[in-house]
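Hydrogens, waters and symmetry mates play no part in the numbers below; they use all other heavy atoms, side chains included. Every chain is numbered from 1 and lettered A, B, ... according to where its sequence line falls, protein lines coming before strand lines.
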Amino acid sequence: MPELPEVETTRRGIEPRLAGKTLEAVEIRDARLRWPVPGDIGARLAGKKLLAVRRRGKYLLFDFGGLFQIVHLGMSGSLRFAAKNETAAAHDHVDWHFADGTTLRLRDPRRFGAVLLSDDPPNHPLLAHLGPEPLRSDFSAAYLYRACRGRKTSIKNLIMDSRIVVGVGNIYASESLSAAGIRPGRAAGRLTRAECAKLAAAVKTTLQNAVRAGGSSLRDYVAANGELGYFQLHARVYGRAGLPCRACGTPIKKLATAQRSSFYCPVCQK
DNA sequence: CTCCGATCCTGATGGC
DNA sequence: TGCCATCAGGATCGGA
């Protein structure tokens, strides 16, 4: 579920309450995630101070100073702070207990997420081949145009490829293409320079707006039932098949390819 | 190398 | 109400 904005919102929500605190214990309730949660994670992290929580693509990097905990939320993962004596529910896989009593809790029903350790995240196999961050300047019109050269895959598949650019999932791919006026099924290699420029800009503004929306929902997240990083998206096209395009009123079309659907306006997007 | 479909897993939803 | 099929926001793998 979580794409870059949700992961970034999660990061912003947890870092202020955790940075500078010492980890006391890790409670692994159910180690079965995409890969088993390392059994020695508690032994290796206990007593260490969490310096910062960073993000690379959809990965959260807990910086314990020379040792990093990598967390990926997969499709259904979420992090929240557990209240004192709040019992764990189904699919609550891991608790991190900090010395001041704060407990961070990971829930992941579908178990596509991951909790791993690394002393060198940039060279970790999962992160080593990641493309640029979409909100940074190295993800540019020129970069995207270059990345599209010779590619026959659809532009939607291309921007969802984390080797090209990180953080863009199924929702924000559709939303960005809508904002750029480009159909998701277009062959990447056939986009013009101008279209790539529009798309690179649209990816940035779409993600930025979503991060901002997440930020405004952050204040609620400490609430008892508040999961972190999930918020209402005012979608242009995603999930709106058959509903009128917000710009021209034409019914939004749904394109089903390999169990992943795309949405677009057949008039506004060329 | 590139592309595309299958796949891991559980829960929510809608049709009958 | 119960049962079944379908779909879900990720990312890797293997075959073509």
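Base pairing in DNA chain B yields stems of at least 3 consecutive Watson-Crick or G-U pairs, both distances under 3.5 Å, namely B:2-8 with C:10-16, B:10-16 with C:2-8.
With sequence neighbours excluded, the residues forming a side chain to side chain contact (heavy atoms under 4.5 Å, CB included) with A/A247 are A/C245, A/C268, listed by chain and number. When the side chain to side chain contact (heavy atoms under 4.5 Å, CB included) test is applied to A/D40, the partners found at least two apart in sequence or on another chain are A/P38, A/R44.
A salt bridge links A/E133 with A/R55: the closest approach of a Lys/Arg side-chain nitrogen to an acidic carboxylate oxygen falls below 4.0 angstrom. Between A/D63 and A/R54, at least one side-chain N (NZ, or NE/NH1/NH2) sits under 4.0 Å from a carboxylate O, which counts as a salt bridge. Using a cutoff of 4.0 Å between basic side-chain nitrogens and carboxylate oxygens, A/D138 and A/R136 are not scored as salt-bridged. A salt bridge links A/R11 with A/E8; the closest basic N to acidic carboxylate O contact falls under 4.0 Å.
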List the steps, then state whether side chain to side chain contact (heavy atoms under 4.5 Å, CB included) holds for A/L243 with A/F263. CA-CA 11 Å; A/L243 296 174; A/F263 301 85; over 6 Å; no
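In the displayed structure, A/R149 atom CZ is contacted under 6.0 Å by more than 12 heavy atoms of other residues, nucleotides or ligands.
A distance of 13.0 Å separates CZ of A/R151 from CG of A/L191, quoted to the nearest 0.5 Å.
Phosphate contact (OP1/OP2 of C/dA8, side-chain N/O of A/S261, threshold under 4.0 Å): present. The side chain of A/Y172 contributes no N or O atom lying less than 4.0 Å from OP1 or OP2 of C/dG9.
Residues from residues 145-156 of chain A placing a heavy atom under 4.0 Å of any atom in DNA chain B, listed by number, are A/R151, A/K152, A/T153.
The backbone N or O of A/D95 lies less than 3.5 Å from no partner atom in the side chain of A/E27, so there is not a single donor-acceptor pair.
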Would you tabulate the nitrogen or oxygen pairs shorter than 3.5 Å linking the protein to nucleotides 10-14 of chain B?
{"unit_1": "B/dT10", "atom_1": "OP1", "unit_2": "A/R111", "atom_2": "NH1", "d": "3.0"}
{"unit_1": "B/dT10", "atom_1": "O4'", "unit_2": "A/P109", "atom_2": "O", "d": "3.4"}
{"unit_1": "B/dT10", "atom_1": "O3'", "unit_2": "A/H91", "atom_2": "NE2", "d": "3.1"}
{"unit_1": "B/dG11", "atom_1": "OP1", "unit_2": "A/H91", "atom_2": "NE2", "d": "2.3"}

Under 3.5 Å, which protein N or O atoms sit close to an N or O of nucleotides 11-13 of chain C? Give each pair with its distance.
{"unit_1": "C/dA11", "atom_1": "OP1", "unit_2": "A/H72", "atom_2": "NE2", "d": "2.4"}
{"unit_1": "C/dA11", "atom_1": "OP2", "unit_2": "A/K58", "atom_2": "NZ", "d": "2.8"}
{"unit_1": "C/dT12", "atom_1": "O4'", "unit_2": "A/R34", "atom_2": "NH2", "d": "3.1"}

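Inter-residue side-chain proximity for A/L18 and A/F81 is flagged as met; some heavy-atom pair is nearer than 4.5 Å. Side-chain contact between A/L73 and A/K58 is absent, with no heavy-atom pair separated by less than 4.5 Å.
Atom OH of A/Y238 is separated from atom C1' of C/dG9 by 6 Å (rounded to the nearest Å). One atom, CZ of A/F112, and another, C1' of B/dT7, lie 8 Å apart when rounded to the nearest Å. At whole-Å resolution of the value, CG in A/D108 and P in B/dC8 are 17 Å apart. The nearest whole Å value for the distance from the CD1 atom in A/I164 to the C1' atom in B/dC1 is 12 Å. Between A/H129 atom NE2 and B/dT2 atom P there is a gap of 13 Å when expressed in whole angstrom units. In this structure, CD of A/E8 is placed 17 Å from C1' of C/dG9, rounded to the nearest angstrom.
Nearest heavy atoms, A/P184 versus A/Q269: CD-NE2, 4.0 Å.
Of the options A/Y59, A/F112, A/W35, a ring pair (Phe, Tyr, Trp, His ring centres under 6.0 Å) to A/H72 is made by A/Y59 and by none of the others.
One P atom belongs to C/dC7, the other to B/dG5, and the distance between them is 15 Å to the nearest Å.
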